[in-house]
Amino acid sequence: MSEVRTRFAPSPTGTLHIGGARTALFNWLYAMNKNGKFYLRIEDTDKLRSTTEAINAIFDGLKWLELNWEKQVIFQSQNINRYKQIIDYLLEINCAYYCYASEIELQRMKKESREKGLIKSYNGLWRDRIPKAEDKKIKPVVRFKSPQVGQTILNDLVQGKVVVNNNQLDDMILLRSDGTPTYTLSVVVDDYDMNISHIIRGDDHLNNAIRQINIFRSLGWKVPNFAHIPLIHDSDGKKLSKRNNAVGVDEYKNMGILPQAMKNYLLRLGWSNGDDEIISENDAINIFSIENIRKAPSRFDLKKLKNINSYYLKNTPQDKILSCIYNLLEKKYGEKIIKDNLFKLEYLLSDIIERHDNINDIFYNSKFIFNKIINLNNDTIKIIKNSNKKNIINYIIQLKEINDWNVNNIENSAKSFAKNNSLSLKDIAMPLRACITGSKNSPNIFKIMFILGQKDTIKRIEKYYL
RNA sequence: GACCCCUUCGUCUAGCGGUUAGGACAACGCCCUUUCACGGCGUAAACACGGGUUCGAGUCCCGUAGGGGUCACCA
């Protein structure tokens, strides 16, 4: 069997779209599964819309997801001459022709066919026509001679057998009037030149596949395997749009999602292996199969992504998570403050991770460790206001008497104080939490007091109780 | 409108002719508990509809309805 080669071929018009990321993932997994190769091709034939920022965004997104592509990246803009050469050949073998139809004529044709309920918008006017001198005032396009009788059959690896009557096929444009080749043609040429064995892409390309198959055949080239995967929808069942959704992978990165979680989530969207939910990268490579891709589109669910993220957060080595947070801390605090207090974060990290489902929240809820001054919010103001001041002041005295400052002693002191004063532990713990962390939620407050140290702890309490 | 594709709990899905229709997320409840989480236990929740085929249909076939995609000198 020949080598499996897949490709991800985005057009660089924005960020790496989440749907594109999944397409890339599937292509990558399939190639890895078959011990094949995964290529990246930038479809930048539309120079107006393609930007270098967008190209870099694609690189960055794929790198973040660790979907490694073959070193050689193909840029379609660099293959223009090759495409033209193929178009010339198609012209030569009478599989393509010049079309001199004017814009007005084209519009009329389109209108007519709409009225008749036809799918074609071009009626083949110039198929067998020889241009007169006056026709040549118009810069022609080159059109493909689509077969007009019979059927074109696509045996799609996901969609199954798709049959289209050829009388519905348009003579699509291969070369624009400005002399640049179109997507439909470039894709075919590149996929052939790159020796792509499996084309895995969104099913919005399903109709294109039928047309492209005919180009492959005209050229006498072997038609690759197609797998058209369903699109990802938003929570309303519509195509994901920027308007209501975070659509770029960079947005999820900034949200504090781990790439492993993103990949795991994307993998399970439309693909499954029994009841497996958490799938390691190695397992994914081993068990991935196109047969298990569903045909129906699936909706994007941020809650589930976050749930998976929290799983990966808990199961990723802590130093890795620490380095993610470190980047955020560095922007907020100087290096010195971080250095002096990092051991405290390290001590509390697993307790903090347990409480949150993304890096940002972990960072946000670690700030009390580094902040010199603890500010209160509405919740904590209320807690302190409703607490018994005298009790806390008395408790501070007891705190000062602790000789061996460790978690057990601190906790026991609070418990015995509560007991001796007929209070519940909550009556002590909550006010402490409020003035020590500035929040009504936190990890075990006694662990926090321990790692902050006796002096700082008492200082923080006294700020609001003296 | 035409063509193509799709349809199991709210969501992601298992199921490949005989199941009390399973799991996960979310929701809700209880337990644990200094808070929030984690964890544990539990509740509620689905085969779009109508015809066939069959002893038997979520599973096969045909309609209907609904949803999606495509109909560019964009990719």
Side-chain angles (χ1 to χ4, degrees), chain A residues 9-13 43-46 48-50 76 99 101 103 106 110 113-122 139-143 154 156 158-160 162-165 168-170 172-184 186-187 202-208 210 228 230-231 233 235 237-239 265 268-278 294-308 310 314 350-357 365 379 383 411 414-415 418 424-434 437 439-446:
Chain A
S11 57
T13 55
E43 311 223 316
D44 55 350
T45 48
D46 185 351
L48 285 177
R49 300 204 312 171
S50 307
Q76 288 200 320
C99 166
E103 208 162 308
L106 253 19
K110 200 180 277 183
S113 52
R114 265 314 148 83
E115 281 163 3
K116 285 185 193 163
L118 297 172
I119 192 169
K120 283 206 274 194
S121 59
Y122 179 75
K139 271 195 168 178
V141 298
V142 174
R143 288 184 183 268
L154 163 63
D156 193 273
V158 172
Q159 303 292 335
V162 178
V163 181
V164 171
N165 286 323
Q168 293 162 20
L169 262 28
D170 231 341
M172 63 275 189
I173 293 171
L174 303 178
L175 190 76
R176 299 186 189 95
S177 56
D178 68 358
T180 58
T182 61
Y183 162 82
T184 327
S186 327
V187 167
D203 72 7
D204 48 339
H205 285 285
L206 191 63
N207 287 282
N208 286 328
I210 297 287
H228 288 93
L231 266 19
H233 285 172
S235 52
K238 299 270 156 64
K239 201 172 171 179
Y265 176 72
R268 283 285 289 100
L269 213 53
W271 179 88
S272 60
N273 182 61
D275 285 336
D276 292 357
E277 296 288 349
I278 299 294
R294 270 170 61 94
K295 285 167 129 182
S298 38
R299 300 180 185 201
F300 189 83
D301 182 9
L302 187 60
K303 282 184 176 162
K304 186 141 186 178
L305 207 208
K306 287 199 169 171
N307 175 273
I308 290 174
S310 88
K314 282 173 207 132
S350 62
D351 295 274
I352 298 174
I353 290 172
E354 190 177 281
R355 285 164 173 76
H356 305 284
D357 59 20
N365 289 288
D379 288 330
I383 290 168
E411 184 166 349
K415 281 182 175 164
S424 73
L425 189 55
K426 203 200 271 187
D427 297 325
I428 306 293
M430 283 310 283
L432 294 183
R433 171 172 290 116
T437 69
S439 165
K440 65 171 179 164
N441 308 133
S442 83
N444 185 318
I445 190 62
F446 306 115

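Order of the sequence lines sets the chain letters (A, B, ...), proteins ahead of strands, with each chain counted from 1.
- Taking atom CG on A:N165 and atom P on B:rC4, their separation rounds to 7 Å, with Å as the unit.
- Counting to the nearest Å, the C1' atom of B:rC12 and the NZ atom of A:K306 are 18 Å from each other.
- For the pair A:H228 NE2 and B:rU70 P, the interatomic distance rounds to 12 Å; values are reported in whole Å.
- Nucleic acid contact for A:K415: none, since no nucleic acid atom lies under 4.0 Å from a heavy atom of the residue.
- Among the protein residues, A:N208 comes within range of the nucleic acid bases, having at least one heavy atom under 4.0 Å from a base atom.
- Nucleotide B:rC32 is matched to nothing when pairs are restricted to Watson-Crick or G-U wobble geometry with both distances under 3.5 angstrom.
- For B:rG22, the base has a donor-acceptor partner in the side chain of A:D275 [N/O atoms by modelled type, under 3.5 angstrom].
- Atom pair A:K440:NZ and B:rU34:P shows a separation of 18 Å (rounding to whole Å applied).
- Nucleic acid contact class of A:V141 (heavy atoms, under 4.0 Å, all strands): base.
- Checking the phosphate oxygens (OP1, OP2) of B:rU8, a side-chain nitrogen or oxygen of A:R294 falls inside 4.0 Å.
- As rounded to the nearest Å, B:rC60 and B:rG67 have C1' atoms that lie 24 Å from one another.
- Taking atom C1' on both B:rU7 and B:rC49, the two are 11 Å apart, rounded to the nearest angstrom.
- Between A:K303 atom NZ and B:rC25 atom C1' the separation is 9 Å, expressed in whole Å.
- Distance A:L154 CG to B:rU70 P: 17 Å, rounded to the nearest Å.
- Note on A:Q168: only backbone sugar-phosphate atoms sit closer than 4.0 angstrom, heavy atoms only; bases stay farther off.
- Heavy atoms of A:L206 sit under 4.0 angstrom from primed sugar atoms or phosphate atoms, though from no base atom.
- Of the candidate nucleotides B:rA72, B:rU35, B:rA26, B:rA26 has the atom lying nearest to any side-chain atom of A:N307.
- Atom SG of A:C99 sits about 7.0 Å away from atom CD1 of A:I173, to the nearest 0.5 Å.
- Going from the P atom of B:rA21 to that of B:rC28 covers 28 Å, rounded to whole Å.
- OP1 or OP2 of B:rA14 sits under 4.0 Å from a side-chain N or O of A:S272.
- As rounded to the nearest Å, B:rG42 and B:rC25 have P atoms that lie 14 Å from one another.
- With hydrogens and angles ignored, a donor-acceptor pair closer than 3.5 Å exists between the side chain of A:N444 and the base of B:rU34.
- At a threshold of 4.0 angstrom between heavy atoms, the contacts of A:L305 with the nucleic acid are absent.
- Among the heavy atoms of the strands lying under 4.0 Å from A:S298 are primed sugar atoms or P, OP1, OP2 only; no base atom is included.
- Interface remark: the A:K304 side chain does form a donor-acceptor pair with the B:rA24 base, using a distance-only criterion of under 3.5 Å.
- Summarising the base pairing, B:rU70 is matched to B:rA2 through a Watson-Crick or G-U wobble pair whose two defining distances lie under 3.5 Å.
- Between A:K314 and B:rC38, a side-chain N or O to OP1/OP2 separation shorter than 4.0 Å is absent.
- Base engagement by A:F446 is indicated by at least one non-hydrogen atom pair under 4.0 Å involving a base atom.
- Residue-to-nucleotide contacts include no donor-acceptor pair under 3.5 Å from the side chain of A:R299 to the base of B:rU11.
- Base pairing of B:rG10 is made with B:rC25, judged by Watson-Crick or G-U wobble geometry with both donor-acceptor distances under 3.5 Å.
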